[in-house]
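What follows is a short report on a single structure.
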There are 2 protein chains.
Amino acid sequence: MQDSAGREMAAAAGPCANIPADHMAFIRQVLDRVGDKWSMLIIAVLRDGPLRYTDLQRQIPGISQRMLTHTLRQLQDDGLITRTAYAEVPPRVEYALAPLGRGLHEIVLQLIGWAADHHDEIRTHRARAGTAPSSSRS
Amino acid sequence: MQDSAGREMAAAAGPCANIPADHMAFIRQVLDRVGDKWSMLIIAVLRDGPLRYTDLQRQIPGISQRMLTHTLRQLQDDGLITRTAYAEVPPRVEYALAPLGRGLHEIVLQLIGWAADHHDEIRTHRARAGTAPSSSRS
DNA sequence: CCGAATCCCATAAGATACTG
DNA sequence: CAGTATCTTATGGGATTCGG
């Protein structure tokens, strides 16, 4: 690994080591889908069981109907959640985690755990970045 | 699954059971930050060691300079990565995972692993959703 | 030359009034 | 109750340009 162009090699040889170029494509696809602002939150919130549209809206403060509907539809299309509509007089629609979504859910939980453990560190760093003009930032 | 997540797991009684409202706030903040289109990808790609600006651009096909710079700066401000600029004749800037980012990196790896394991299932579902006009969609 | 900022446009997200 | 329509705003991407 230490030849003349050692530094370049690090990037080019063992390169992308665990992330082969052909995997890059669907990693991006999956990350684009589940890694957006709301998908993970919806998946996290669905862990206790099926929820109705309004319940989701209540439990995820700040989401708009537009985004709720949109994200639910995407997750449904991807097979991560299921949608069950009951043709009753007061219309009732329940969303639940599909088996596929349950696997992702565990990872989301870890992410949330990580967020819980480190959010104050992040906040500290973020604050310092704003108040520390000493470094290389204009 | 670690205790960090386990803490949330424990209670499942009422509404918002495992995700107390006060936690919701920073969960959203962290998810907003790392859950965008590129942050995770950058973190994933940095696992092999420091990378230069152009290397990142090469290893993350599709990212624009604008977004690369922007996302790098955010990650840097949050203390997830470090930026080292060498005032050399051919300018060289290296980005590396900071300790904080390394923790997140492991979770990102799991997400990528999950993506690798299930991307074809997702694709199947996605395709079916597109070709199955029979169900409850408009 | 490499790293990054700026301008301009396309698209996605947000708010909310409205409908089946 | 669940979701759509529509308007506005924020964000992302491409090309170009500046700076070291």
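Predicted model only: the values in this text are computed from it and were never measured. Numbers restart at 1 for each chain; the letters A, B, ... are given by sequence-line order, proteins then strands.
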| Between A/L51 (CG) and D/dC1 (C1'), how many Å, whole number? | 15 Å

What pairs of nitrogen or oxygen atoms, one from the protein and one from nucleotides 13-15 of chain C, lie under 3.5 Å apart?
| from | atom 1 | to | atom 2 | distance (Å) |
| --- | --- | --- | --- | --- |
| C/dA13 | N7 | A/R66 | NH2 | 3.2 |
| C/dG14 | OP1 | A/K37 | NZ | 2.8 |
| C/dG14 | OP2 | A/W38 | NE1 | 3.0 |
| C/dG14 | N7 | A/R66 | NE | 3.4 |

| Under 4.0 Å between a side-chain N/O of A/Y53 and OP1 or OP2 of D/dT4, yes or no? | no

| query | If you look at every strand shown and take non-hydrogen atoms under 4.0 Å, does A/Y86 touch a base, only sugar-phosphate, or nothing? | reply | nothing

| message | Without decimals, in angstroms, what is the distance between A/R58 CZ and D/dC1 P? | response | 11 Å

| request: Starting from the C-alpha separation in whole Å, work towards a yes-or-no answer on salt bridge (charged side-chain N to carboxylate O under 4.0 Å, His left out) for B/R58 and B/D55. | output: CA-CA 5 Å; B/R58 262 189 42 235; B/D55 292 331; 3.3 Å; yes

| Under 4.0 angstrom, heavy atoms only, what part of the nucleic acid is A/P90 near: base, sugar-phosphate, or nothing? | nothing

| field | Sugar-phosphate only, base, or nothing, as touched by A/T69 at under 4.0 Å among non-hydrogen atoms | value | base

| message | Whole angstroms only, please: what is the CG-C1' distance between A/L68 and D/dT4? | response | 13 Å

| Atom pair distance, as rounded to whole Å: CZ in B/R92 and P in C/dC2 | 13 Å

Check residues 61-69 of chain B and write down every donor-acceptor pair under 3.5 Å in which the side-chain atom is one partner and the other belongs to a residue at least two apart or another chain.
| from | atom 1 | to | atom 2 | distance (Å) |
| --- | --- | --- | --- | --- |
| B/S64 | OG | B/M67 | N | 3.2 |
| B/T69 | OG1 | B/Y53 | OH | 2.9 |
| B/T69 | OG1 | B/Q65 | O | 2.9 |

| request: Decide side-chain contact (heavy atoms from CB on, under 4.5 Å) for B/L56 and B/V45; before the verdict, give the C-alpha distance in whole Å, the side-chain angles of both, and the deciding distance to 0.1 Å. | output: CA-CA 8 Å; B/L56 285 166; B/V45 153; 4.0 Å; yes

| message | Under the rule for salt bridge (Lys or Arg N to Asp or Glu O under 4.0 Å), what residues qualify as partners of B/K37, not counting sequence neighbours? | response | none

| request: Check whether any side-chain heavy atom of A/L41 lies under 4.5 Å from a side-chain heavy atom of B/R28, and answer yes or no. | output: yes

| note | Here the distance between atom P of D/dG12 and atom CG of B/L41, to the nearest Å, is 14 Å

| query | Could you state the CD-P distance from A/E94 to D/dC1, rounded to the nearest angstrom? | reply | 14 Å

| said: Which residue is it: B/V30, B/I107, B/V108, B/L111? I am looking for the one with a side chain to side chain contact (heavy atoms under 4.5 Å, CB included) to A/L111. | reply: B/I107

